[in-house]
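Notes follow once the structure below has been shown.
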Amino acid sequence: MGVIHVTDRQGQRHTLECVEGWRVMEIIRDWGLPIEGVCGGACECATCHVFIAKDWVEKLDPATDEEEDQLDTVITHPTSRLSCQIIWTPDLDGLELTLAPANG
Amino acid sequence: MTDNIETDVVIIGAGPVGLFAVFELGLLDIKCHLIDILPKVGGQCAELYPEKPIYDIPGFPMVTGQGLVDNLLAQIEPFHPTFHFNEMVESVEPIGTPEAPLFRVRTAEDGTTFTCKAIIIAAGGGSFQPKKPPMENIEAYEGTGVFYAVRHMQMFRDKRVLIVGGGDSALDWTVNLQPIVKRLTLLHRRDAFRAAPHTVEKMRALVAGGDMDLHLGQVTHLKGKAPVLEGVEIKKDDGSIVSVDCDVVLPFFGLTMKLGPIANWGLNLHENLIPVDTEKFETNVPGVFAIGDINTYPGKLKLILSGFHEGALAAQKVHRYVYPDKKLLFQYTTSSTSLQKKLGVTA
Ligand SMILES: Cc1cc2nc3c(=O)[nH]c(=O)nc-3n(C[C@H](O)[C@H](O)[C@H](O)COP(=O)(O)OP(=O)(O)OC[C@H]3O[C@@H](n4cnc5c(N)ncnc54)[C@H](O)[C@@H]3O)c2cc1C
Ligand code: FES
């Protein structure tokens, strides 16, 4: 077991217990934070967009072309990722991220 | 002049579930018109994942999103449904009685009206609409300095235009508008474009020739006293800020689903979904049914196969409204010659 730290859109930080093999989007959604994940993790909606803390960026597998294409549909920061494309493993214990603003 | 179309049933949404409802209604001799804001059939399957494989459609070990839609179209062909694309259903007005419902349905664009005896809402996650990027105060410029679609190219003649995005819409409008605008700037977050290669080449040639500008970065905010746009500030990946003067911004960030006007039709809603019973999939308004992703009931699963089942049961009750005096006979397509005649498979 391990945790991730998620800062919501009001700036409040939540520490969430994780399940190995789950997508980070699914973990966030399961704990009831407002992440939409409309496409269920199929990399087709970008409603699971998050900003990864700088220190963690290098520790993640780089985004695939498909994820980059989908990131084109939102306003990104340099550390933007789609949380459905990050599978949680114990290596990511302590992962720190912030929910991106929702689209209008 | 607005037209009025009379039909048995109006189906709102031409996604997989709306399409299959045509089949179930057709077997019961019920005619229908389908309306969708998209320019094509297929809903999420066609718009969001046409190439992706689906593995849980009964009888298909694997079928792609578009493949399923194509098959559904072939399956409902015998019933000749009429499609109305690029039209948003704006209002639904009951003009009958609970025992003999009658409705007037109105669309937004050209104001076509429909008179029908029952309505099937198969609106999925809502109507597909352009994604609005989360920029502060963007609404204040909509219609003057910010547009999510190009309806009349002439509106942008001699203007300084900034297009944001890296997909087909962004690139197509870049090369189409460049010749008539005063100055065109394309802004994208990275130097890779997922648009047709020849359009990307054209854009690159224009940039190389000095006929337009390309910036890599993201808009941070809109400048000018709303509703008059004067420019934008762009943050580049290296953190530097540049300012671009422009009269118009066209953000092309793809489509998203929004509940839209359905919220105003007097239907009970629960978290943007329409509660229905599980016998007839009828809403709180007699004669209005909701099937597929848009409905909710205890145990609901947002699966295509659930939507198909819901359509079959809803059709039974619709039959009672359309043919109040006719008894409904349960028949199989394998053995009923009358059903086979409707399907055009017997001599
Ligand atoms: C990436 C992805 C993968 C999926 N994989 C599977 C899978 O493997 N198996 C499975 O069973 N399901 C899957 N789904 C879910 C499945 O696609 C949906 O359950 C299905 O599309 C729902 O069909 P529907 O006809 O109810 O609605 P939709 O497909 O959402 O279609 C609704 C249509 O209604 C239109 N509409 C809405 N309101 C209006 C209005 N007011 N006026 C005009 N038009 C309107 C919309 O524009 C849209 O075209 C997946 C979904 C996604 C996004
Ligand atoms: S949940 Fe849709 S892209 Fe991640």
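Everything numeric in this text was worked out from a predicted model, so none of it was measured. Residue numbers begin at 1 in each chain, while the letters A, B, ... track the order of the sequences.
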Exercise. Out of curiosity, B:F253 CZ to A:D72 CG, how far, rounded to the nearest 0.5 Å?
Worked result: 9.0 Å
Exercise. Which value, rounded to the nearest 0.5 Å, describes the distance between A:L71 atom CG and B:R190 atom CZ?
Worked result: 8.0 Å
For this session: Mind listing the closest non-hydrogen atom pair of B:P134 and A:P101 along with its distance?
Result: CB-CB, 3.9 Å
For this session: Can you see which heavy atom on A:V74 is nearest to which on B:Q218, and at what distance?
Result: O-NE2, 3.7 Å
Problem set entry | Validation row: A:V38, B:M257 side chains within 4.5 angstrom (heavy atoms) | no
Exercise. With a 4.5 Å heavy-atom cut-off, do A:I75 and B:K235 have their side chains touching?
Worked result: no
Problem set entry | Engaged part of A:C39 at the chain B interface, taking heavy atoms whose separation is under 4.5 Å | neither
Exercise. Should we say atom CG of B:N137 is surrounded by more than 12 heavy atoms from elsewhere, each under 6.0 Å from it?
Worked result: yes
Problem set entry | B:D238, CG: over 12 other non-hydrogen atoms inside 6.0 angstrom | yes
Problem set entry | Donor-acceptor pair, side chain of B:K52 and main chain of A:A42, under 3.5 angstrom | yes
Problem set entry | Ion pair A:E66/B:R194, N-O distance below 4.0 Å | no
